[in-house]
Amino acid sequence: MTRTDDRKEADDTGPSGYAAARLHLLNQGVRSGPPRRTALAGLTDDWLTGLFTAAAPAAKGISLVAVGGYGRGELSPRSDLDLLLLHDGSDPAAVAALADRLWYPVWDLGISLDHSVRTPAEARKTAGEDLKVQLGLLDARHLVGDLGLTAGLRTAILADWRNQAPKRLPELQELCAERAERHGELRFLLEPDLKEARGGLRDATALRAVAASWLADAPREGLADARRRLLDARDALHLVTGRATDRLALQEQDQVAAELGLLDADTLLRQVYEAARVISYAGDVTWREVNRVLRARAVRPRLRAMLGGGKPVAERSPLAEGVVEQEGEAVLARTARPERDPVLPLRAAAAAAQAALPLSPHAVRRMAATARPLPTPWPAEAREQLITLLGSGRPTVDVWEALEAEGLISRLLPDWERVRCRPQRNAVHLWTVDRHLIETAVRASALTRRVSRPDLLLVAALLHDIGKGWPGDHSVAGEIIARDVAARLGFDRADVTVLATLVRHHLLLVETATRRDLDDPATVRAVADAVGSESTLELLHALTEADALATGPAAWSTWRASLITDLVRRVAAVLAGEHPGAEPEPAAPTAEQERLAIEAHRTGGPVLALRAQAEPGPPEDSAETGEPLGVELLIAVPDQPGVLPALAGVLALHRLTVRTGGLRTLRLPDDVEDDGSVLLLDWRVAAEYGSLPQATRLRADLVRALDGSLDITGRLAERDAAYPRRRGRAAPPPRVTVAPAASRHATVIEVRAQDAPGLLFRIGTALEKAAIRVRSMHVSTLGANAVDAFYVTSGTGAPLPPEDATATARVLEEALRE
């Protein structure tokens, strides 16, 4: 039966004919989705038009109007009818009689009805008092009667909405937030409410209302399709249950999936979650734009008065190379060229997350459209920026969502596609697999001070459940994927092995601690054999805690933590033969290092070389890549106090970030006259943004810093006052410890802190004030984390007494907290 046949049957036989035609339409399997909703709305239009015409064939000054979902022409099988009987107030008795002739047939058929009878003035007044009424009237559609009356109301309602937008839109945003608080996030619920939960149909309607205000608009890419998928799921749910329900209960998901022609309930949930993700992201972007416009409107009159009527220029402050902050967002700099800079998407994301700023959707869209793919393996900068992004804490989530909205995540990490929006049918889990992985990285970012390789911890957090997109044991599948991904990211073979081990055994500690006898030596030995080293055990301990905390409240407890800590203590005792913190033997100086040392001794001042090197690929027969990041800065300077803070301060003034750094004392060759020693510093530095300074400028400033004529502290303070650094997320506090028995010749002080401009200068200054000599040092920056080891002695060259070492660590930690 065609749509015309449906309407004829409804017209010919009255209410019973409408009921039969409606039943026939809903049972047609070939007509589903938007065509069926449109056909059902049309069939209902014709029936109600017939009722109206039969009751008031010559009515004037009265019309029947569909509002809400029915007004949009979208009727699900069990949707209620939202109707407004609009009249001019000239004949109330006739209007009341007509209302009875309309409402009772609808009730007689058991169809839910939301009805009202109002004049245009009453409708506008009610809309002004009740936001939900106003939202419904934005979709008002004329059915029958006085068309001019309906058109006048529509025009007036839209004008009211646009005029009142600065007041009503914040109310609408608050309404959406309250609803999300009550019903949760649709894309993470095992039994989601398709209409009321965040990212559901109500939010999609709210975005239409924002667009109607002309104040802001939602990202349109994929939004209509997402809304259609949720409506299709609700249609199928109505047909399966025979009820007007919006909650997709577990026991009905398989039937709903079958009704939609999908493979299974998981496929259904993935589609629903993906649709909700699109709507949620569009909502985030839209409400951010609404608030930006409203703030600008509030501030602009005052600015115009101050500037004499001129248009204010948006302030742009640099965040990273090619990335600036503008109006509360991270956007691309005018000089940025994504088509020439494949690392830019990760650099922009890391900079945004570190500054706790949203990443501009326009910037993400441009990068997605024009950025070249990264080479394989990734360059070192790309890997560092990914680690910085993962270590940025809670802001990582929103930035990751922005990248995912434009398909950049799946392009960077193709294996991500299998876990994206994948449900976890376990009441313990709060999140889908993909969000759980990001949440684990967020939790791990707070634990980076506990491990010597925070980069490996963060990447393991991102990958630990990556195997859940494949059949079989997800830990086994994940180990294979982790090896491939880690190699693609550019990690060396040793690090690839560690990451694969962490993914393969990420459940080992919790399962052993809660299910095995820890007093049995075989239990502890089995864990030690699987883990292999103390450093891997340290990482696995932190990953286990991050994973559990990201799963949900039921997955972590004081009791479980104590069991795991006890197991780790026992396993560490078995592995105690290794001491990875032991002082490495210094390598013999190269010819260039020796040349610079002799020249520094001869001239009595610093000598430096600053040079860029091409980044080599991983060697075939070596587990170490030797891969540089930035440029090499090689400095020789006669041994004297204050070298470390002087050099670190000069680099901070020139906005150079220290990626890796070593300091050691070099004895001069025997054939050099005069005894003496030279400090040799071999560092890898990178410009925070912009180009590198000239070596001559660096040397001139270093000479001034050493002789005291350059006030580094004052200059840094002036710069910070003029260009205050935006405070992003709250990083974990610094941690300074004394490594026990790490060296026979010096005391080893380990510093783990958030990398920041001037960090090394502050460390060097604090050690200098304590009259402590740095014999050698090994510093590295892993993402946004600084992991440094300083081999220090007293003025006599001996290791510090234990109580002095502890006090020094405490003072240094307090200095870094300030």
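Here the side chain of Asp755 pairs no donor or acceptor atom with the backbone of Ala784 at under 3.5 angstrom. Put simply, the side chain of Thr396 gets close to the backbone of Gly393: a donor and an acceptor are under 3.5 Å apart.
Considering every non-hydrogen atom in both Trp378 and Leu412, the closest pair reads CZ2-O, 3.6 Å. Nearest heavy-atom pair, Leu567 versus Leu518, reported as atom, atom and distance to 0.1 Å: CD1-CD2, 3.9 Å.
By the 4.5 Å heavy-atom criterion applied to side chains, Leu260 and Gln271 are not counted as neighbours. Between Thr808 and Leu767, the closest side-chain pair of non-hydrogen atoms falls below 4.5 Å. Counting heavy atoms from C-beta outward, Leu430 and Pro553 have side chains that approach closer than 4.5 Å. Counting heavy atoms from C-beta on, the side chains of His506 and Ser475 come closer than 4.5 Å. The side-chain heavy atoms of Ile763 and Phe790, taken from C-beta on, include a pair separated by under 4.5 Å. Counting heavy atoms from C-beta on, the side chains of Leu463 and Ile481 never come closer than 4.5 Å. Put simply, the side chain of Leu269 reaches to within 4.5 Å of the side chain of Gln253, judged on heavy atoms.
Salt-bridge check for Arg270 with Asp266: failed, with every basic side-chain N at 4.0 Å or more from each acidic carboxylate O. The existence of a salt bridge linking Glu401 and Arg187 is confirmed by a sub-4.0 Å separation between a basic side-chain nitrogen and an acidic carboxylate oxygen. Using a cutoff of 4.0 Å between basic side-chain nitrogens and carboxylate oxygens, Arg422 and Asp465 are not scored as salt-bridged. Ion pairing of Asp193 with Arg182 is absent here, as no side-chain N (NZ or NE/NH1/NH2) approaches a carboxylate O to less than 4.0 Å. A salt bridge links Arg570 with Asp519: at least one charged nitrogen is closer than 4.0 Å to a carboxylate oxygen. Here Asp455 does not pair with Arg383 in a salt bridge; the nearest charged N to carboxylate O distance is not below 4.0 Å. Residues Glu813 and Arg810 are not paired through a salt bridge, judged by the lack of any N-O separation under 4.0 Å between the basic side chain and the carboxylate.
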*Going through the checks in order, is the side-chain contact (heavy atoms from CB on, under 4.5 Å) test met by Leu462 and Ile438?*
CA-CA 6 Å; Leu462 181 69; Ile438 296 302; 3.8 Å; yes
_Step-by-step side-chain contact (heavy atoms from CB on, under 4.5 Å) determination, Arg684 to Ser780_ = CA-CA 9 Å; Arg684 187 72 55 181; Ser780 58; over 6 Å; no
*Report the C-alpha separation of Asp788 and Met777 in whole Å, then their side-chain angles, then the decisive distance to 0.1 Å, and conclude whether the side-chain contact (heavy atoms from CB on, under 4.5 Å) test is met.*
CA-CA 7 Å; Asp788 305 338; Met777 75 175 191; over 6 Å; no
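Annotation for Arg420: atom CZ counts as buried by contact number, over 12 foreign heavy atoms lying within 6.0 Å. Environment of CD in Gln251: crowded, with over 12 heavy atoms of neighbouring residues, nucleotides or ligands closer than 6.0 Å.
In this structure, Leu543 CG and Leu447 CG are separated by 9.5 Å, a value rounded to the nearest 0.5 Å.
For the side-chain hydrogen bond (donor to acceptor under 3.5 Å, both in side chains) test with Gln424, the passing option among Arg435, His436, Lys468 is Lys468; the others fail.
Annotation: salt bridge (Lys or Arg N to Asp or Glu O under 4.0 Å) contacts involving residues 537-556, sequence neighbours excluded, comprise Arg450-Glu545.
The ring of His429 has its center no closer than 6.0 angstrom to the ring center of Phe188.
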